[in-house]
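What follows is a short report on a single structure.
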Amino acid sequence: MQPFTTLAAPACPLPLANVDTDQLIPARFMKRPRSEGYGRFLLHDLRFTEDGTVRPDSPLDRPERAGARVLVARRNFGSGSSREAAVYALVDAGFRCVLAPSFGDIFASNAVNNGLLPARLEEREIEQLLAWLEQGGRDLTVDLEACAVRAGNHRFGFAIDPVWRTKLLNGWNDLDLTLSHAEAIAAFAEADARRRPWAGLPPLGPEAG
Amino acid sequence: MAEAPPRRTLFDKLWDAHVVLTREDGQSLLWIDRHFFHEGSHHAFAQLRARGAKVARPALNIGVADHYVPTRTPQRSIADSGIAGMVQGLEANARAHGTRLYGLHDPRQGIVHVVGPEQGLTLPGLTIVCGDSHTSTHGAFGALAFGIGASEVAHVLMTQTLWQRKPKRMRVTVEGTLPAGTGAKDLALAIIARIGADGAQGHAVEYTGSAVRGLSMEGRLTLCNMAIESGARCGMVAPDATTVGFLRGRPLAPQGAAFEQAAEAWLALPGDAGAEFDREVSLQAGEIAPIVTWGVSPEDALPVTAAIPDPDRANDPSRAAQIRDALDYMGLRPGQRLEEVPIDRVFIGSCTNSRIEDLRAAAAVLAGRKARVPGLVSPGSSLVKRQAEQEGLDRIFREAGLEWVESGCSMCVGMNGDLVPAGERCASTTNRNFKGRQGKGARTHLMSPAMVAAAALAGHIADVRPMLEGRS
Ligand code: SF4
């Protein structure tokens with residue numbers, strides 16, 4: 001995964017609350033393999049009309065938002081379904097950071113696993129950023145080292161779980177770390193089977209069908 | 001004198017029992033007792049393939065076909081090749097890795113969150129994960145159960161563990177008795193309306209109090225299913241005699257003496273008296289009325305007797321914008337009475353409300369009456385379907401004019417093609433009224449099975465209570 005340190009990029013306002021993962025990527029697109037790229041499914045039904053043309057009011061497709069890599073949204077962003085495809089859609093569309101007052105827990109964890117920064121700002125700071133963008137603001141800087149956002153004259157600190165911050169800064173993946181603990185895991189499993197004999201499952205027999 | 005051991009909540013006990021190790025930064029590596037996967041888990045299996053990796057503990061990973069399965073075709077045949085590929089892909093992955101599988105043609109097939117408890121795969125004291133946010137459902141047994149994303153699914157498949165930071169603890173206490181005509185769904189929606197769709201974010205929620213203890217396992221499953229709709233990491237109810245009674249004799253639960261030994265361990269799981277929570281919320285069951293949603297988030301929920309809110313009276317501009325956006329999508333007017341909202345169709349099903357008690361509750365309202373709108377009834381599992389047919393419930397639904405179909409996620413999410421047409425309004429027993437959830441442009445009103453039955457009969461949102469008079 002690509003490390004995330006500082007991102008200076010255009011931002012796009014999405015002044016909506018409760019943007020759930022069903023909206024981020026409607027279920028009907030999730031049969032596709034990721035290799036096809038998920039970017040064009042991002043917020044599909046908000047952006048496109050029935051015949052596939054861009055809606056004139058699509059917040060993501062305004063010419064002045066071209067190349068946006070930061071999304072600014074209202075509270076409870078990414079709530080709902082655990083579909084990681086919602087993160088794939090954002091990442092494949094070029095986004096590397098979402099700024100919002102709060103995030104769905106599973107979404108935020110999926111985001112970090114894909115190098116997308118979910119940074120929490122205060123509700124009134126988000127409102128100020130949205131207003132700044134509406135008044136013509138465009139580029140902002142997200143500094144993960146300092147946990148800070150700079151936009152025009154605004155300077156805001158943001159919140160992120162410190163472990164997630166470290167993972168993003170280094171571009172780490174959990175799996176290699178876990179595999180280095182293989183012995184501890186095996187020892188736990190063995191002791192646990194004695195402690196909780198009822199918790200296991202019989203090996204697969206014909207009953208499993 | 002030695003210091004007294006710390007008082008632990010149910011959640012603390014579950015957590016402690018599964019920690020393999022904790023890093024300095026506070027992340028813990030948790031042992032996972034059960035991992036359920038479904039058709040949508042294909043991204044995770046692709047990650048295994050890319051690494052050339054195998055499933056570490058096949059016996060603890062269980063495949064279930066539910067999200068994409070057909071519900072209305074003869075022999076459950078699938079015409080759409082994309083959908084067929086999803087179901088076959090699941091079965092191929094289960095076979096390739098030697099895991100358990102409840103596939104499309106298995107007589108025990110059903111929605112993963114119905115099959116787990118039904119088969120005794122879900123037990124108290126377990127950690128249970130699935131690449132599905134409604135995994136919180138299994139917390140009804142006093143298990144630590146939560147939804148995860150595809151990267152985490154791949155991690156569990158390869159290691160049977162997961163890195164997690166310990167969430168905060170929240171207790172929701174509901175005392176009293178739920179009034180006639182209300183149930184677990186109304187309670188779940190009332191809680192979400194109170195605390196908001198993100199009200200429990202970052203928290204493990206324990207539901208407690210006499211009203212919760214009074215719920216059947218089916219009711220507790222409904223309540224914990226909706227925990228995620230308040231943003232909770234997981235929801236749970238402490239195991240008790242109701243829990244043990246439900247599990248006795250389930251095919252994959254311990255049997256005989258092993259069961260009695262397990263039950264003893266389970267009944268020791270409830271939290272210590274005086275254990276502390278980071279947050280407390282309490283509700284009075286007696287004040288709960290039948291609840292319906294009017295907007296595009298489960299927090300947009302009101303008693304059926306209420307009127308649709310007016311954005312001009314909202315206390316802040318962002319909430320006003322949210323209400324306006326919701327009313328625009330839902331095609332509703334501020335001040336309109338909920339009971340005047342016409343319905344185009346109904347859906348009874350989903351992991352929230354498709355168990356036998358849910359079907360009985362809907363049938364009790366529908367018996368001997370005719371629906372004014374079309375609708376679908378999809379039982380939570382093929383075994384629930386069989387039981388309902390033995391009880392004659394299928395006849396009641398059919399005679400009322402509703403379609404009685406096979407088991408699956410069906411119209412909850414429409415992945416199998418059971419969709420609500422654009423612009424239509426559906427009274428639904430599901431858990432999400434998100435934009436486009438039941439189909440592009442579809443409008444969803446969430447409510448209990450009894451309330452959906454009432455809406456079907458009236459052709460508009462209706463209070464079920466008068467319709468229940470003189471019925472059990
Ligand atoms: S029934 Fe609906 S909510 Fe439940 S698992 Fe299926 S799609 Fe998800």
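The sequence lines fix the lettering, A, B, ..., with proteins before strands; numbering per chain opens at 1. Keep in mind that the numbers below use all heavy atoms, side chains included, and drop hydrogens, waters and symmetry copies. These numbers were taken from a predicted model, which means no experiment stands behind them.
- Comparing A:D192, A:I185, A:T178, A:N18 by heavy-atom pairs within less than 4.5 Å of chain B, the highest count is held by A:T178.
- Inspection of the A:R83 and B:H43 side chains reveals no N or O donor paired with an N or O acceptor under 3.5 Å.
- In this structure, a donor-acceptor pair under 3.5 Å is absent between the side chains of A:N76 and B:E299.
- Annotation: maximal heavy-atom pairing with chain B below 4.5 Å, among A:N110, A:I106, A:T166, occurs at A:I106.
- Most heavy-atom pairs under 4.5 Å with chain B: of the set A:T21, A:L130, A:D45, A:V87, this distinction falls to A:D45.
- One finds a salt bridge joining A:R196 and B:D33 here, because a Lys/Arg side-chain nitrogen approaches an Asp/Glu carboxylate oxygen to under 4.0 Å.
- Residues A:L201 and B:L121 approach most closely at CD1-CD2, 3.8 Å, considering heavy atoms.
- For A:L16, the part sitting under 4.5 Å from any heavy atom of chain B is the side chain, from C-beta outward, and nothing else.
- Of the atoms belonging to A:R34, heavy atoms from both backbone and side chain fall under 4.5 Å from chain B.
- Closest approach of A:S81 and B:S133 over heavy atoms only: CA-OG, 3.6 Å.
- Judged by distance alone, with hydrogens and angles left aside, the side-chain atoms of B:Q201 form no donor-acceptor pair with the main-chain N or O of A:D105 at under 3.5 Å.
- Salt-bridge check for A:D161 with B:R165: passed, with a basic side-chain N closer than 4.0 Å to an acidic carboxylate O.
- Residues A:E84 and B:E152 have side chains not in contact (no heavy-atom distance under 4.5 Å, counting atoms from C-beta outward).
- Just one of A:R124, A:R75, A:E127 meets the side chain to side chain contact (heavy atoms under 4.5 Å, CB included) condition when paired with B:S318; it is A:E127.
- When all heavy atoms of A:R32 and B:H42 are compared, the pair lying nearest together is O-CE1, 4.0 Å.
- In terms of heavy-atom pairs under 4.5 Å with chain B, the best-connected choice from A:N173, A:D174, A:V163 is A:V163.
- The two atoms that bring A:D22 and B:V413 nearest to each other are OD2-CG2, 4.4 Å, heavy atoms only.
- Heavy-atom pairs under 4.5 Å with chain A peak, among B:G202, B:A258, B:A154, B:A321, at B:G202.
- Counting heavy atoms from C-beta on, the side chains of B:V20 and A:H181 never come closer than 4.5 Å.
- For chain B, the nearby part of A:F103 is the backbone; its heavy atoms alone come within less than 4.5 Å.
- The parts of A:A199 that come within reach of chain B are both its backbone and its side chain, each placing non-hydrogen atoms under 4.5 angstrom from that chain.
- A:R165 and B:D25 are not joined by a salt bridge, as no carboxylate oxygen comes within less than 4.0 angstrom of a charged side-chain nitrogen.
- The minimum heavy-atom distance linking A:W198 with B:P124 is given by the pair CZ3-O, 3.3 Å.
- For the residue pair A:S102 and B:D198, the shortest heavy atom distance occurs at OG-OD2, 3.2 Å.
- Counting heavy atoms from C-beta outward, B:D316 and A:E123 have side chains that stay 4.5 Å or more apart.
- Interface remark: A:S109 contributes side-chain atoms only to the contact with chain B (heavy atom separation under 4.5 Å).
- Inter-residue side-chain proximity for B:K435 and A:D20 is flagged as unmet; no heavy-atom pair is nearer than 4.5 Å.
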